[in-house]
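Throughout, protein chains are lettered first and strands after them, A, B, ... in sequence-line order, and every chain is numbered starting at 1.
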Number of protein chains: 2
Amino acid sequence: MTADSDATATATATATAGAKAQPARMRADALRNREHILRAAREIFAAQGPDAPLDEIARRAGVGVATLYRRFPDRSDLIRGVAVEVFTALGEAALVARDERAEPFEALRTFMHAALDLKLGSVLPALMGRVAMDEVLDGVRQDAADPIQELLTQAQAAGTLRPDVLFGDIALMLMRISRPLPGEPLAEDGDLAHRQLEIYLDGLRTPGATAPRAELPGPAVDIGWFKRIRAHVIGKAPGSPPGPQI
Amino acid sequence: MTADSDATATATATATAGAKAQPARMRADALRNREHILRAAREIFAAQGPDAPLDEIARRAGVGVATLYRRFPDRSDLIRGVAVEVFTALGEAALVARDERAEPFEALRTFMHAALDLKLGSVLPALMGRVAMDEVLDGVRQDAADPIQELLTQAQAAGTLRPDVLFGDIALMLMRISRPLPGEPLAEDGDLAHRQLEIYLDGLRTPGATAPRAELPGPAVDIGWFKRIRAHVIGKAPGSPPGPQI
DNA sequence: TCTAAGTGGAGAAAAACTTTCCACCTACGG
DNA sequence: CCGTAGGTGGAAAGTTTTTCTCCACTTAGA
């Protein structure tokens with residue numbers, strides 16, 4: 001949120017993210033609407049994926065479609081806006097958690113619950129394939145990923161987090177778990193996610209002497225994997241996937 | 001699969017699930033196509049939700065649209081078909097796991113991995129809101145839920161599964177974790193899900209003496225909750241939700 | 001070999017979504 | 001408190017997606 005509104009409010013003619021430089025200053029109500037749109041877009045994208053009707057986003061934001069189109073001429077402008085907001089908030093949550101909790105594992109727990117509350121994680125995978133990464137977006141992503149990785153490293157150094165847990169085990173699980181269940185929106189959904197996160201967190205703990213555990217199976221998705229996404233995405237148009245489907 | 005094809009192959013004029021009683025016997029190739037359609041529908045529904053284009057389902061099944069429409073005149077016929085298949089396979093997986101593993105927690109683990117492989121869980125929540133439960137559907141659901149609950153009960157009796165874990169902690173997590181991540185289909189997705197399931201399973205274990213754990217927070221979603229879904233759904237048309245959205 | 005059952009794909013009809021336009025508001029500097 | 005540049009919602013035209021039917025052709029199975 002913060003970084004995003006800053007970027008707009010102070011926008012001079014810097015030829016950066018928004019592609020269209022806003023004429024110096026926005027009216028207060030317009031700015032407010034912009035926030036509403038971004039929040040709505042985040043929620044709808046999370047639930048329905050990046051092709052969700054813009055119409056619906058406008059409605060949920062409580063504005064007319066025209067307003068949405070004026071602020072974000074393209075769908076990809078909107079997606080980019082959401083992505084920036086999401087990365088920023090994630091990184092901030094990680095920093096806050098670090099400063100707030102002395103024990104590193106507790107910091108990780110705090111962060112993960114916060115990320116869940118923000119319903120942030122689930123938007124990302126849907127969005128990543130749809131926006132070309134550039135310096136700006138890549139920067140905010142880095143700003144998010146680094147403090148999260150730091151959380152992991154510290155907790156592992158303290159011996160409270162399983163040593164074979166990787167960045168992807170945190171990030172991708174957050175994406176899964178913070179995504180609303182499909183179909184009828186479920187009232188219990190949010191709370192249940194927190195409960196299940198608690199169980200997952202217990203699984204992330206360094207095993208005690210009592211219960212011997214097997215090595216974790218499966219692909220090693222570390223922070224480098226996320227960085228590689230960039231290359232993966234850049235060459236690819238918003239169109240349909242190339243290979244055989246699933 | 002099994003129960004479903006049985007139901008169709010032997011279909012006399014029993015005025016049951018399919019609503020249209022098939023004329024006694026289907027040609028072998030037609031039956032094969034029907035299976036293909038159901039499998040395709042399951043995958044597409046899982047990935048895209050219950051409003052996915054039927055067109056695409058037909059294409060993935062390798063049949064013409066006409067074939068799909070002949071076999072399942074309505075979208076809801078298709079959904080119901082998938083739901084029956086899914087419930088049946090889930091229940092079977094639970095029974096197999098129970099018979100195959102002596103230690104109850106291992107049986108639970110085996111079951112959960114199997115459910116993941118079948119990519120089953122993720123279809124259900126999407127589908128549940130779209131089909132009116134009747135005796136038939138309710139029956140197969142029961143046939144699935146009961147053996148799963150039994151798995152839990154036994155593992156808890158053996159002391160290896162946390163005593164405060166409920167049906168919903170298993171079922172809803174399976175739904176979350178088996179749902180493909182949105183956006184570009186990810187090659188690692190399946191394996192990663194298994195890896196994360198392993199972590200979750202560790203969290204499900206009865207805690208050792210070393211690491212004291214807090215009570216699980218959040219809503220208690222037990223098997224009764226699932227049974228209540230029926231009432232919840234029945235009064236509701238396939239149309240749009242009534243209340244304020246999310 | 002015969003035929004009833006089954007099939008695919010073209011394309012009309014319907015639905016969903018995007019995008020523009022314009023008459024009407026309203027924040028905010030003077 | 002007033003004028004106005006900046007902002008707004010919603011209707012409707014335009015475009016794309018999706019549904020669903022029809023029919024000439026193929027094939028399982030007796």
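- Following rounding to the nearest Å, B/Asp51 (CG) and C/dA14 (C1') show an atom-to-atom distance of 16 Å.
- The residue among B/Asp29 and B/Asp74 whose nearest nucleotide of DNA chain D lies closer to the 5′ end is B/Asp74.
- Put simply, CD on B/Gln48 is 9 Å from P on D/dT18, counting in whole angstrom units.
- Distances were taken from every side-chain heavy atom of B/Val63 (C-beta onward) to each of D/dA28, C/dG8, D/dG9; the shortest belongs to C/dG8.
- Take the nearest nucleotide of DNA chain C for A/Tyr69 and for A/Arg32: the residue whose nucleotide is more 5' is A/Tyr69.
- Within 4.0 Å of B/Ala30, counting heavy atoms only, lie sugar-phosphate atoms of the nucleic acid but no base atom.
- As judged by a 4.0 angstrom heavy-atom cut-off over every strand, A/Ala28 is placed among residues touching the sugar-phosphate backbone only.
- For B/Arg27 and B/Thr67, each mapped to the nucleotide of DNA chain C holding its nearest heavy atom, the one lying further toward the 5' end belongs to B/Arg27.
- Atom CG of B/Asp169 and atom OH of B/Tyr200 lie 5.0 Å apart (nearest 0.5 Å).
- Following rounding to the nearest Å, B/Met26 (CE) and C/dT7 (C1') show an atom-to-atom distance of 12 Å.
- Rounding to whole angstrom units, CZ of residue B/Arg70 and P of D/dC20 are separated by 15 Å.
- Not one side-chain nitrogen or oxygen of A/Asn33 sits closer than 4.0 Å to the OP1 or OP2 atom of D/dG7.
- Per the geometry, CG belonging to A/Leu78 stands 11 Å off P belonging to C/dT18, to the nearest Å.
- In this model, the phosphate group of C/dT7 is approached by a side-chain N or O of B/Arg71 to a distance below 4.0 Å at OP1 or OP2.
- With rounding to whole Å, B/Asp55 atom CG is found 15 Å from C/dG11 atom P.
- Taking the charged nitrogens against the carboxylate oxygens, B/Asp138 and B/Arg141 do have a contact shorter than 4.0 Å, which makes a salt bridge.
- Between the CG atom in A/Leu174 and the NE2 atom in A/His113 there is a gap of 10.0 Å [rounded to 0.5 Å].
- Look at B/Arg75 and you'll find a side-chain N or O under 4.0 angstrom from OP1 or OP2 of D/dT19.
- When each of A/Leu54, A/Ile37, A/Thr67 is paired with A/Phe72, the side-chain contact (heavy atoms from CB on, under 4.5 Å) condition holds for A/Ile37 and for no other.
- Note: CG (A/Leu54) to P (D/dT16) measures 15 Å, nearest angstrom.
- To the nearest angstrom, C1' of D/dC20 lies 14 Å from CG of B/Asp77.
- Proximity of a side-chain donor or acceptor of A/Arg179 to a complementary backbone N or O of B/Arg176 within less than 3.5 Å is not detected.
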